[in-house]
Novice: 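Structure incoming, see below.
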Amino acid sequence: MGQYKSRQEFLKNNPRSIAFAALAKATKMQDKITNQAIKLSPNQLEGKEVIIIGSGVGGLTTAYELLAQESGAKVTILEASHKTGGRCMSLRTGDTLIEDANSDLFDSKPGKPQVVRFKRPVGDSEPYLNAGPGRIPSSHKRLLSYLKRFSVDVEIYVMNSESNLVQKNESFGGNPMVYRRLDHNTRGWLAQMVYKNAEELLRNSKVGISDSNLKTRVEELQSLMISFGELDVDGTYSATAGSPGFEDGKTRAGYEVLPGVAAGIVADVLSFDTLLESKFWEGTKFYQPTDFLWQPTLFQPVGGMDQVQHAFAQQVAALGGNILLNSPVKKIKWDSTKEKYIISVGQVGTEEPIYYEADYCVCNLAMPFLKNILDTDLLKSGLEPEFKDALEAVFVAQFEPTQAPGYTPREDGYVPRFLACTSKVGWQANRSLWQGSPINLKTMAVEKSEVGVVPIFGGISWTDNEIQQIWYPSTAYQDEKGVLTGAYNFDKVAHDWGKLPVDERLTKARNDASKFGNKFAEGLEEGVAIAWQNMPNIKGGWAYWQAVGDANYSTKQFNAIAQGSGIIDPITKNASNANFFIVGDQISSLPGWQEGAIAAAINAISRMAEPEVKIQPLKNLPDTRLMVEGI
């Protein structure tokens, strides 16, 4: 279980949490502020070398824009791993996944390898698991624009279908309930209550309806409730198949026997008392699909989310950029004589590093890694004071989080850090487990156990158990097999799962899946698990800025880092134009999303283009628990 059972409880304990950051007005009238992208002039960076550390989507976007805008810069990406993409990772048959033995950022040893062994029956599409990002909201216009520009096909990602299931151990006898029954019974009862009390509700002075309009507005509200809640003409909620020979039934909540040759049997109405007692919305994310970022339409790239990073990497290479894999950065120094960054990089098979020089250094690696990578002189006096102090605040949030300003211990004893914990499990299984058994072609009959069941095609089933959710594949519905996301959890649960061996995580995931049926759980095969806080060179799912300190303090640090930093001249004490930048979703108002990584890259490019123009500061930071976890 997570820290909070419901959004009500979360907001009560975190009254200042917001899902989207509000932009502040400029604090100084003489400052130039922009919230729009500024392009580089052709050859503006002619002869300059830009080193980008990390090939996540933020680093790749930075490289692409430097090259596509014909800035004249020489661009090199240094990637510690054997592949590009960072968390933008899709796992396929034959891939090897190796977590570190623990979540320590430094000096952690490799853990036990996992080999992905998804089967591919003849005629099936290639199976894969999106181990990191899994969906693209339609509001993420920058990412979608790049994919269109790069000819990356996208398809619909189904966030929710009314056939998905909701399961709670203490509700409905622990049996899973179909989403539509919970959703539409609730709407029906609420609509009936509003209909019957329409005049009293509208007489409330806060509603602002005049006496002269009251009668008309009451009638209009009642009419709205009939449509909203599927009420009878007299405002009563009841489920019925309708009059014989007419399709006037009240059937949004579904059937016990599906209509076809026969008329069908409408599912019994769940009483309002039963619905309230069940608390179906607590401990699950029942209403997440209606939150802005998860509203239809969502997309996924055809063939896996890693098509995003592949497309960026190909563009960077085609435009003349260099992407050097297996190149972990060990140290970043500033050479005041050359006025360049000196970046040392480890090599496979030798202790001798390779050195690179750069006029600009752009870091796409998670900020806490800089604690050991940035040279002491840079951290003490080289970087601008506000930027340096902000980095130190991030380091505290990762390595000494209880020392952060405003830290308050949690009842469950868990201490969140800057890099948030999240884990996933993937399974392969026969699609018949959720799409239904084949129809008997001789009798055209349905199995008795499925006469009232609508097959599940995509979407998410929710539970208050530790797996939290099960994602069904949103593509290749006619295939024999499909790959499920069998767990996606956060916070303390993910932290605890990350300390378990992979086999134990898979056992827990299968046990929780059994709450949706033993047959379903027994049919899950070829399990693979990933705890992002254990992944080398990554060590977390996203940045959790609330660990940095109270709202005002953490927002101040965020805004300082967003501007990048120049180098302080030791004699004049003046700073150069910004030439050290941090990118990635960690420094955006969309933490945990690829769109955020792109936005941060565009901000860095804008600062390179016009150093005197600042990035517009945020007034508040978005809370990742709302933005990503969907509380």
Side-chain angles (χ1 to χ4, degrees), residues 6-8 158-168 171-172 175-204 206-209 213-259 263-292 294-297 452-454 456 459-462 630:
S6 68
R7 179 170 289 209
Q8 178 188 28
V158 181
M159 178 69 187
N160 185 57
S161 84
E162 297 285 300
S163 298
N164 294 142
L165 303 172
V166 180
Q167 188 275 330
K168 292 190 64 174
S171 303
F172 305 107
N175 295 314
M177 297 292 289
V178 179
Y179 197 103
R180 64 172 62 85
R181 285 195 77 188
L182 299 173
D183 188 14
H184 294 291
N185 278 282
T186 301
R187 286 165 61 102
W189 288 119
L190 289 174
Q192 176 179 294
M193 292 170 63
V194 172
Y195 183 100
K196 301 298 185 183
N197 297 279
E199 183 173 348
E200 179 182 353
L201 292 169
L202 294 185
R203 281 190 182 279
N204 188 317
K206 293 182 179 179
V207 178
I209 294 175
N213 288 331
L214 182 62
K215 184 176 183 297
T216 300
R217 295 294 179 264
V218 167
E219 293 172 352
E220 291 166 345
L221 177 57
Q222 290 176 329
S223 175
L224 170 60
M225 289 301 100
I226 289 174
S227 295
F228 175 77
E230 201 179 27
L231 307 181
D232 289 339
V233 70
D234 64 352
T236 301
Y237 177 61
S238 63
T240 171
S243 305
F246 294 92
E247 293 184 3
D248 59 350
K250 307 294 189 294
T251 61
R252 288 179 184 170
Y255 290 81
E256 300 214 0
V257 177
L258 295 177
I265 300 175
V266 177
D268 291 337
V269 171
L270 298 172
S271 72
F272 203 31
D273 181 62
T274 300
L275 288 165
L276 292 176
E277 181 185 35
S278 76
K279 297 183 180 180
F280 64 85
W281 61 94
E282 288 191 2
T284 67
K285 295 178 173 61
F286 185 87
Y287 286 109
Q288 185 178 353
T290 61
D291 289 344
F292 177 75
W294 294 276
Q295 292 173 4
T297 301
V453 177
V454 179
I456 296 174
I460 300 174
S461 286
W462 308 97

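Treat the numbers as computed from the prediction; the structure is a model and nothing was measured.
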Novice: Does Asn164 use its side chain to pair, donor to acceptor, with the backbone of Tyr179 at less than 3.5 Å?
Specialist: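 Not confirmed, Asn164 side chain does not pair with Tyr179 backbone.
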Novice: When rounded to the nearest 0.5 angstrom, what distance separates CG in Leu190 from CG in Asn185?
Specialist: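 Reported to 0.5 Å precision, the distance equals 11.0 Å.
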Novice: Is there a side chain to side chain contact (heavy atoms under 4.5 Å, CB included) between Tyr237 and Val269 once you walk through the steps?
Specialist: CA-CA 9 Å; Tyr237 177 61; Val269 171; 3.7 Å; yes
Novice: With Phe280, which residues qualify under ring-ring contact (aromatic ring centres under 6.0 Å, His included), at least two apart?
Specialist: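 Partners of Phe280 under the ring-ring contact (aromatic ring centres under 6.0 Å, His included) test: Phe286.
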Novice: Please give me the minimum heavy-atom distance between Trp189 and Leu270, naming the atom from each residue.
Specialist: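 For Trp189 versus Leu270, the nearest heavy atoms are NE1-O, 2.7 Å.
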Novice: Can you confirm whether Met225 sits close enough to Leu231 that some side-chain heavy atom of one is under 4.5 Å from a side-chain heavy atom of the other?
Specialist: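 The answer is yes, as the side chains (C-beta and beyond) meet within the 4.5 Å cut-off.
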Novice: Check whether more than 12 heavy atoms from other residues, nucleotides or ligands sit under 6.0 Å from atom CE of Met193, and answer yes or no.
Specialist: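 Result for CE/Met193: open.
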Novice: Is the shortest distance from a Lys or Arg side-chain nitrogen in Arg217 or Glu220 to a carboxylate oxygen in the other one below 4.0 Å?
Specialist: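 Yes, this pair counts.
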Novice: Could you tell me which non-hydrogen atom of Ser238 sits nearest to which non-hydrogen atom of Asp232, and how far apart they are?
Specialist: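 It is OG-OD2, 3.3 Å.
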Novice: Minimum heavy-atom separation for Ser171 and Ser278, please, with both atom names.
Specialist: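 Reported closest heavy-atom pair: OG-O, 2.5 Å.
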Novice: Determine whether Pro289 and Trp462 make a side-chain contact, defined as any pair of heavy atoms from C-beta on separated by less than 4.5 Å.
Specialist: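 A side-chain contact under 4.5 Å exists here.
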Novice: Give the C-alpha distance, both sets of side-chain angles, the deciding distance and a yes or no for side chain to side chain contact (heavy atoms under 4.5 Å, CB included) between Lys279 and Lys168.
Specialist: CA-CA 9 Å; Lys279 297 183 180 180; Lys168 292 190 64 174; 3.8 Å; yes
Novice: What is the minimum heavy-atom distance between Arg181 and Ala267, and which atoms define it?
Specialist: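 Closest approach of Arg181 to Ala267, heavy atoms only: NE-CB, 3.9 Å.
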Novice: Identify the two heavy atoms, one from Ala198 and one from Gln222, that lie closest to each other, and give their separation to 0.1 Å.
Specialist: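 Minimum heavy-atom contact is CB-CG, 3.9 Å.
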Novice: Using 0.5 Å steps for rounding, measure from the CG atom of Asp234 to the CD atom of Gln192.
Specialist: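 Asp234 atom CG to Gln192 atom CD measures 8.5 Å (nearest 0.5 Å).
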Novice: Of all heavy-atom pairs between Asn175 and Gln167, which one has the smallest distance, and what is that distance?
Specialist: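 Shortest heavy-atom separation between Asn175 and Gln167 comes out as C-CG, 4.4 Å.
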Novice: Got a second to check how far Ile265's CD1 is from Tyr255's OH, nearest 0.5 Å?
Specialist: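 OH of Tyr255 is found 11.0 Å from CD1 of Ile265.
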Novice: Which residues satisfy the ring-ring contact (aromatic ring centres under 6.0 Å, His included) test with Phe172, sequence neighbours excluded?
Specialist: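 Result, ring-ring contact (aromatic ring centres under 6.0 Å, His included) vs Phe172: none returned.
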Novice: Under 4.5 Å between any side-chain heavy atoms of Pro296 and Met159, yes or no?
Specialist: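 No. Closest side-chain heavy atoms not under 4.5 Å.
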Novice: If you apply the rule side chain to side chain contact (heavy atoms under 4.5 Å, CB included), what do you find for Val454 with Leu258, and how did you get there?
Specialist: CA-CA 8 Å; Val454 179; Leu258 295 177; 3.8 Å; yes
Novice: Where the side chain of Ser271 meets the backbone of Thr274, is there a donor-acceptor pair that is under 3.5 Å apart?
Specialist: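 A pair under 3.5 Å: yes.
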Novice: Any ion pair linking Asp183 and Arg252 (charged N to carboxylate O, less than 4.0 Å)?
Specialist: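 No salt bridge links Arg252 with Asp183.
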Novice: Nearest 0.5 Å please: distance from the CG atom of Leu214 over to the CD atom of Glu219.
Specialist: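 Separation between the atoms: 10.0 Å.
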Novice: Going from CG on Leu165 to OG1 on Thr284, what distance comes out if it is rounded to the nearest 0.5 angstrom?
Specialist: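 Separation between the atoms: 12.5 Å.
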Novice: Roughly how far, to the nearest 0.5 Å, is CD of Gln288 from CH2 of Trp294?
Specialist: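 With rounding to 0.5 Å, CH2 (Trp294) is 4.5 Å from CD (Gln288).
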Novice: NZ of Lys196: more than 12 outside heavy atoms within 6.0 angstrom?
Specialist: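 Atom NZ in Lys196 is packed in, count exceeds 12.
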Novice: Answer whether the closest heavy-atom distance between the side chains of Val194 and Leu221 falls below 4.5 Å.
Specialist: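 Result yes, sub-4.5 Å side-chain heavy-atom pair found.
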Novice: Does Gln295 have more than 12 heavy atoms from other residues, nucleotides or ligands lying within 6.0 Å of its CD?
Specialist: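 Check passes, neighbour count above 12.
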Novice: State which residues pass salt bridge (Lys or Arg N to Asp or Glu O under 4.0 Å) with Asp268; sequence neighbours excluded, sorted by chain then number.
Specialist: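 In terms of salt bridge (Lys or Arg N to Asp or Glu O under 4.0 Å), with neighbours along the sequence ignored, Asp268 is linked to no residue.
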Novice: Start with the C-alpha distance between Val218 and Lys215, add both sets of side-chain angles, then the distance that settles side chain to side chain contact (heavy atoms under 4.5 Å, CB included), and finish with yes or no.
Specialist: CA-CA 5 Å; Val218 167; Lys215 184 176 183 297; 5.8 Å; no
